[in-house]
4 protein chains.
Amino acid sequence: MTGDKKQERRKALEALTRQGILDAAIGLLMRDGIQGLTMDRVATEAGVAKGTLYVYFTNKEEILDATVDASFDPLIRELSVLLDDDHAPDRKLAEFSLCHLRFFDEHRELIRVIFFDRERMHSERNHYTDSRYRTFVQRVAEVLDEGVGQGLFSPLDSMKVAAMFVEANMGMVMQRIHDGISGDVEKDARQVTDIFMGGLRNRK
Amino acid sequence: MTGDKKQERRKALEALTRQGILDAAIGLLMRDGIQGLTMDRVATEAGVAKGTLYVYFTNKEEILDATVDASFDPLIRELSVLLDDDHAPDRKLAEFSLCHLRFFDEHRELIRVIFFDRERMHSERNHYTDSRYRTFVQRVAEVLDEGVGQGLFSPLDSMKVAAMFVEANMGMVMQRIHDGISGDVEKDARQVTDIFMGGLRNRK
Amino acid sequence: MTGDKKQERRKALEALTRQGILDAAIGLLMRDGIQGLTMDRVATEAGVAKGTLYVYFTNKEEILDATVDASFDPLIRELSVLLDDDHAPDRKLAEFSLCHLRFFDEHRELIRVIFFDRERMHSERNHYTDSRYRTFVQRVAEVLDEGVGQGLFSPLDSMKVAAMFVEANMGMVMQRIHDGISGDVEKDARQVTDIFMGGLRNRK
Amino acid sequence: MTGDKKQERRKALEALTRQGILDAAIGLLMRDGIQGLTMDRVATEAGVAKGTLYVYFTNKEEILDATVDASFDPLIRELSVLLDDDHAPDRKLAEFSLCHLRFFDEHRELIRVIFFDRERMHSERNHYTDSRYRTFVQRVAEVLDEGVGQGLFSPLDSMKVAAMFVEANMGMVMQRIHDGISGDVEKDARQVTDIFMGGLRNRK
DNA sequence: GATGAATGAGTTTTCATTCAT
DNA sequence: TATGAATGAAAACTCATTCAT
C-alpha cells in the first residue's frame, strides 16, 4: 500500500500548492484590485516560481476564474442551500437578503471583485461567472413563481423582478459599506425584504 | 482688442480639441471596453498626436475620469431636472425609473462603463464618479423623505432605500439587456416602481 | 544465470523505451515541425515522464539528432544497398533518382526535417547528419568516378557533380511536392537522370 | 518650405533607424542563425530600445521577412537583370550559375538563411519568400521554354527542370563552401552549365 | 501649443532542465 | 530506473509617458 500512500501524499501536496496560488491570487485581488493581479506578484506572494503557476493553471484567465470562483464559493453554497430549503417563498427571500448582507459585511473587499467581474461579464466572452449570476437570478425567479403559485404574490415577470431583487440587495450592501457597516444587519435585510414583500403582495 | 479675439479663438479651438479627445475616448470605451482604451488609440481616433493628449490631460487617469463624466452627463442632467421638478414623490420615482431604462436602452454599451467605474470607485482614490453616484442616491433619498413627510410612505432609512432603488433599476436594465431589450420599457419601469411603491406605501 | 536473463530483459525493455521516445519525436517532428517538438510533448506522446527522457538522452539536442537519424534511416539503407550493387553507374544513378523521389512522395513531411537539419548542419557543431549527407555525396561521387573510369562519362570533379546531382534530385522533389505530387514518378526520375546522363556522357 | 525640409529630414531619420534595425537583424541572423535572432539582441545591436522595434515592425515575423528580403535583394536584382537580358538562353543559364556561385562565395553565411527560410516556407503559412523562390524557378523555366522554342533544347517539363537547375546550383554552392571555396568559380559554374546544356541539348 | 519618435519597465508565457522521492 | 513537481531564465510584446523639435 506504499504506492497508494505516496500518491495520496503527492495529491495532497499538489492541492496545497494549487490552493496556495489561489490564496495568493485572492489576497492580491482583494488588496490591489484587478490591476494589481499580475502573474509575477501571484508567484511571489504564493512563494513559488512564475513557471509553477503555469503548471497548475493554463493562463491568467484561468487563475482569475478560479479566484473569483473560490471567493464566492461560500456565498454560493449558503444561498443554494437556503433556496433549496422548503420554507415559504417570502421567508426564503428574507433569508436570502440576510445571507447576502452578512457575507459582504465580512468580505467587503469582494464587492470590488463582483464589479470587476461584471465588467468582464459583458465583454465578448461568456464567462461562467455570468452563468452563475444568471443561475442565481433564475433560482430567485423560481422562488417568486412559487410565491405567485401560492397566491402570495401578484402575477409578475419573475426573471425581471428577480434581477431587481438581487441588485437591490447589492445596493443595500454598497450603502452599508459606504456607511462603514454601522447599522444592524437584520434590520437592513428586513428593509429590503419588506419593500419587496410589500410591493409584491397579492392584494386582491 | 485683437489680443482678446485671438485668445478667444484659441480658447475655442482648445475646447474643440479637448472635446475631440474626449469623444474619441468615449467611443473607444463603448466599443472596446477599458482594455481597448489606450492612449495610442485615443490619439489616432481623435486625429491628434499622442503628445497632444498630454497637453490637455495630465495622464490617462484624467482622461478616463473625464470620459466617464462625459458619458453619463446626459443621464445626469435629465435625472436632475426630473428630480428637481415639483411633481409628487411617487411620480418622480416612476419617472426616474423610466428615464433610467430608456437611457440604457439607447446606450447599452454604457453599462460596461458603469461597472468598470465601480471597480475603480472602490480603489484607493476617491473618484468623483463615486461622489456623483452618492449625490444621486442622496437626491433620491430626499424624494423618499419628502414622500414620508407627506405621509405617502412609511418611515424608512431613506439613504439605504434610495441605494436599493437605484440598484434595482440597474438590475432591471441588466435583465432587459440580457433579454435583448425586447420588452415594453414603460411596463418594465412600472414594474420597478410598483414594487417599491407597494412596498413603501404607508398602510396605517 | 538468472542475472544474465534479468539483464537481458532489462536491456530489451530499455531499448523499447528508447525507441518509443524516438518514435514519438519522429511523429511530432513530422506533424508539427521543429517548433512543435518540445520535451513535454515528446514525453506525453511516448507515454513516459519528462524526467525519463533525460535517462535515455542527455538533452534535447541528442533526441533531435537521433530523431533525424531515425527518420532517414530507411532511405539511407535503400540508397546504400542500391549504390553497393554492381549495376552499371548510369543505372545506379537512375535508380538513385527513382528511389529518392519515391521516398519523398510517401514521406513528404520529411522535407521539412531535411531543411531544418541543414540549418543546424551549418551551425557551430558538426552534426553527424552532416557527415551522413557528405557520405552520400561521397558515394555518388564514387559511382561517377566509376563511370568516368569505364569511359562512360567525361572527366569531372566528381564531388561537386555528385553534390549537384543530389541537390537536383531534391529540386525535383520540391517541385513535385509543390505540384501536389501529381506527375508520374518514373518519368520525373528519368528527367533528372536523362539530363545528367546527357550532360555527363563522354562524346569523344 | 521649412515644413517640407523638416519632414524630409524626419523621414530620412526614420529610414535610418529602420535600416539600422534591419542591419542589426541581418548581422545577427548571419552570425548566430535563426535561434540567435531575438528581439532583445536586435535592439541592443541596433542601439535602440526594445520598444522601438515595434514602432517600425509589427512583430518578429515582419523583421524576419524584411531581413531575409534585404539579404537577398542584391542577388535577386542581379539575377533579374540577367534573365531579362536578350542573350541566348544557354548563355543566360551560364550567367545565372556564375552569378549564383559568386554571390554565395561572398555571402556564404546566407546559405543558412536560405535553409532556415525553406523550413518556414513549407510551414502552414505561405511566406512571400516562397513566392520569390517560385518566381525564380518560373523565370528560369521561361528561359528553358525559350531554348526549346529556338530548337536549342529538346522538349521538357520546364518548371521541373528549372527547379532542378536552381537546386543543382545550390548543391554546387554547398560543395564549394564545404571545400572552403577553394576552386575556380568560373570553372565550377561551367561545370553546372555544361551538364545541363549537355543534358538538355537537342540531338535530333 | 503640437508633434511623434523613442523609451523601458512591466506583462504574459514557454520550456529545457533539475532533483528529491 | 522512473517520476513529475518545480524551476527560472529567456522570449515576445505592450503602452503610458517623455522630450527635442
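Note that the coordinates shown come from a computational prediction; the quantities given were computed from them, not determined experimentally. Lettering follows sequence order; numbering is per chain, from 1.
The shortest heavy-atom contact between N59(B) and Y54(B) is CA-CE2, 4.1 Å. Scanning both residues, I63(C) and T67(C), for their nearest heavy atoms gives O-OG1, 2.6 Å. In plain terms, the two heavy atoms of Y56(A) and R18(A) that are nearest each other are O-NH1, 3.5 Å.
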Protein-nucleotides 1-5 of chain E N/O pairs under 3.5 Å:
{"residue": "dA2(E)", "atom": "OP1", "partner": "Y56(B)", "partner atom": "OH", "Å": "3.1"}
{"residue": "dA2(E)", "atom": "OP2", "partner": "Y56(B)", "partner atom": "OH", "Å": "3.0"}
{"residue": "dT3(E)", "atom": "OP2", "partner": "A49(B)", "partner atom": "N", "Å": "3.3"}
{"residue": "dT3(E)", "atom": "OP2", "partner": "T52(B)", "partner atom": "OG1", "Å": "2.4"}
{"residue": "dG4(E)", "atom": "N7", "partner": "G51(B)", "partner atom": "N", "Å": "3.0"}
{"residue": "dA5(E)", "atom": "OP1", "partner": "E14(D)", "partner atom": "OE2", "Å": "3.2"}

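Note on Y54(A): a side-chain N or O is less than 4.0 Å away from OP1 or OP2 of dT13(E).
Taking atom CD1 of residue I34(D) and atom P of nucleotide dA11(F), one finds them 12 Å apart after rounding to whole Å. Distance CD (E61(B)) to P (dA16(F)): 12 Å, rounded to an integer number of Å. In this structure, L37(A) atom CG and dT11(E) atom C1' are separated by 12 Å, rounded to whole Å. What separates CG of L16(C) from P of dA2(F) is a distance of 11 Å, to the nearest Å. Regarding L64(B), its CG atom lies at a distance of 10 Å from the P atom of dT17(F), rounded to whole Å. Rounding to whole angstrom units, CE of residue M39(D) and P of dG8(E) are separated by 16 Å. For F57(B) and dT17(F), the CZ to C1' distance is 16 Å, given to the nearest whole Å. As a whole-Å value, the separation of E62(A) CD from dT12(E) P is 15 Å.
The rotation axes computed at either terminus of the helix from dA2(E)-dT21(F) to dT21(E)-dA2(F) lie 20° apart, taking five pairs at each end and rounding to 10 degrees.
Atom-to-atom distance recorded for D32(A):CG and I34(A):CD1 is 11.0 Å, nearest 0.5 angstrom. Here the CG-CD1 distance, from L29(D) to I26(D), works out to 8.5 Å after rounding to the nearest 0.5 Å.
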Show the atom names and distances, to 0.1 Å, of all donor-acceptor pairs under 3.5 Å that link a side chain in residues 38-52 of chain B to residues at least two apart or in another chain.
{"residue": "T38(B)", "atom": "OG1", "partner": "R41(B)", "partner atom": "N", "Å": "3.2"}
{"residue": "D40(B)", "atom": "OD2", "partner": "K50(B)", "partner atom": "NZ", "Å": "3.4"}
{"residue": "T44(B)", "atom": "OG1", "partner": "D40(B)", "partner atom": "O", "Å": "2.9"}
{"residue": "E45(B)", "atom": "OE2", "partner": "R31(B)", "partner atom": "NH2", "Å": "2.6"}
{"residue": "T52(B)", "atom": "OG1", "partner": "A49(B)", "partner atom": "O", "Å": "3.3"}

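When distances are taken from the side chain of K60(B) to each of dT17(F), dT14(F), dT14(E), the shortest belongs to dT17(F).
Each of L64(C), D65(C), L22(C) was checked for a side chain to side chain contact (heavy atoms under 4.5 Å, CB included) with F57(C), and the lone residue meeting it is L22(C).
Nearer the 5' end of DNA chain F, as judged by each residue's closest nucleotide, is the contact made by T38(D), out of D40(B) and T38(D).
Partners of D23(B) by side chain to side chain donor-acceptor pair (under 3.5 Å), not counting sequence neighbours, listed by chain and number: Q19(B). Residues passing the salt bridge (Lys or Arg N to Asp or Glu O under 4.0 Å) test with K60(C), sequence neighbours excluded: none.
Listed by residue number, there are no residues of residues 19-28 of chain A with a heavy-atom contact under 4.0 Å to DNA chain E.
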